[in-house]
Amino acid sequence: DGDWAAPMISNPRCADAAGCGPWERPLMRNPDFKGQWSAPLVDNPLYKGEWAPRRINNPGYFEDRDLYKLSKIDAVGFELWTMQSGITFDNIYLGRSSSNAAALIADNVWKPKHDVELAISEALRPKSPPAPKPGFADVLRMFKDRIDEILYSISTFYGVLQSEGVVSALRQERAGAFGLLMVTMALGWLGWNASIILGFMYRLVVAAPAPPPAAVTAASADNKTASPDSGAKADRKASKSD
């Protein structure tokens with residue numbers, strides 16, 4: 001717990017007494033105090049003022065009052081700060097018209113030179129050999145790789161489904177896609193079978209044909225709804241039979 005220290009007990013007399021608390025050395029006024037001390041200053045009889053460098057006449061000095069009048073320019077310099085080497089400048093145009101610069105530099109100087117440099121670089125560029133055409137073995141290998149990938153995704157989906165549940169299995173990037181495809185195909189297969197079964201039941205129950213009506217003869221004794229002309233029709237049949 002550390003070094004032992006005596007417990008502090010509050011003194012009730014310090015509540016109302018002035019000057020109660022940690023002891024401090026009493027201060028007394030010093031009648032001889034004259035302020036903070038500093039080194040005394042005395043006059044320097046050799047002081048001549050603040051020093052400054054001497055100025056001498058420049059015999060080559062002149063004042064140019066026509067700074068706006070430029071002389072003939074023989075060269076152009078660029079001051080660059082870069083960490084990349086191999087930077088070059090060419091086709092520098094000094095003028096006042098951007099249209100003249102485009103006509104004189106871009107079309108007549110830069111473009112022909114650029115076309116020649118591009119043709120030379122294309123001619124010197126090493127040509128890569130043509131890619132070999134895939135053979136039958138390569139096609140079989142690609143097909144086998146795809147089948148292995150599909151089987152691995154299905155096994156991964158099934159393992160995650162058993163260990164973590166459906167939601168975690170569907171969250172897998174590739175295995176979840178295969179799992180979702182399998183669930184969709186299963187639901188489609190169930191829906192297709194359900195439609196076939198419901199259609200068969202509909203044909204059996206709802207769309208079944210009605211039984212044919214019983215045959216009624218004109219000479220039947222039980223025919224209570226015979227028309228008044230039935231007797232005449234029967235006489236005509238009898239006459240034709242004779």
Side-chain angles (χ1 to χ4, degrees), residues 35-135 137-157 159-160 164 167-181:
Q36 188 175 2
W37 180 87
S38 62
L41 299 177
V42 296
D43 293 336
N44 182 7
L46 302 178
Y47 179 72
K48 298 180 180 180
E50 187 177 356
W51 180 89
R54 292 184 300 170
R55 302 177 66 86
I56 59 177
N57 294 326
N58 182 10
Y61 174 78
F62 69 96
E63 185 178 359
D64 189 0
R65 299 182 180 274
D66 298 328
L67 293 176
Y68 61 92
K69 294 181 180 180
L70 298 178
S71 59
K72 182 180 179 181
I73 298 176
D74 297 329
V76 176
F78 293 91
E79 184 177 358
L80 303 177
W81 178 261
T82 178
M83 303 300 293
Q84 182 180 359
S85 61
I87 299 177
T88 58
F89 294 88
D90 60 355
N91 302 327
I92 300 170
Y93 172 78
L94 294 178
R96 299 180 180 178
S97 176
S98 59
S99 60
N100 292 338
L104 296 176
I105 302 299
D107 298 335
N108 301 330
V109 179
W110 179 82
K111 190 176 185 305
K113 183 178 178 181
H114 175 70
D115 295 341
V116 173
E117 292 177 351
L118 185 61
I120 294 174
S121 62
E122 289 292 337
L124 297 178
R125 180 180 300 176
K127 297 181 180 180
S128 58
K133 295 182 179 181
D138 298 332
V139 175
L140 290 179
R141 190 181 304 107
M142 294 173 58
F143 182 75
K144 181 179 178 299
D145 294 340
R146 296 297 180 269
I147 295 298
D148 294 340
E149 183 179 358
I150 293 173
L151 295 178
Y152 175 75
S153 300
I154 293 174
S155 63
T156 304
F157 174 79
V160 177
E164 301 181 10
V167 178
S168 298
L170 292 177
R171 286 179 179 176
Q172 300 293 325
E173 181 178 0
R174 190 179 297 272
F178 279 103
L180 186 62
L181 180 61

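What you see below is based on every heavy atom in this structure, not just the backbone, and it leaves out hydrogens, waters and symmetry mates.
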- Task: Might you confirm whether atom CG of N57 has over 12 heavy atoms from other residues, nucleotides or ligands at distances under 6.0 Å?
- Result: no
- Message: Minimum heavy-atom separation for W37 and P40, please, with both atom names.
- Response: CZ2-CD, 4.3 Å
- Above 12 or not: heavy atoms from other molecules or residues under 6.0 Å from CG of L67? yes
- Item | Residues in ring-ring contact (aromatic ring centres under 6.0 Å, His included) contact with F78, at least two apart in sequence or another chain | F89
- Interatomic spacing from CG in L118 to CD1 in I120 - rounded to 0.5 Å: 10.0 Å
- Item | Derivation of the salt bridge (charged side-chain N to carboxylate O under 4.0 Å, His left out) call for D145 and R141 | CA-CA 6 Å; D145 294 340; R141 190 181 304 107; over 6 Å; no
- Message: Among residues at least two apart in sequence or on other chains, which ones pass salt bridge (charged side-chain N to carboxylate O under 4.0 Å, His left out) with D43?
- Response: none
- Going by an N to O cut-off under 4.0 Å, is there a salt bridge joining K111 and D115? yes
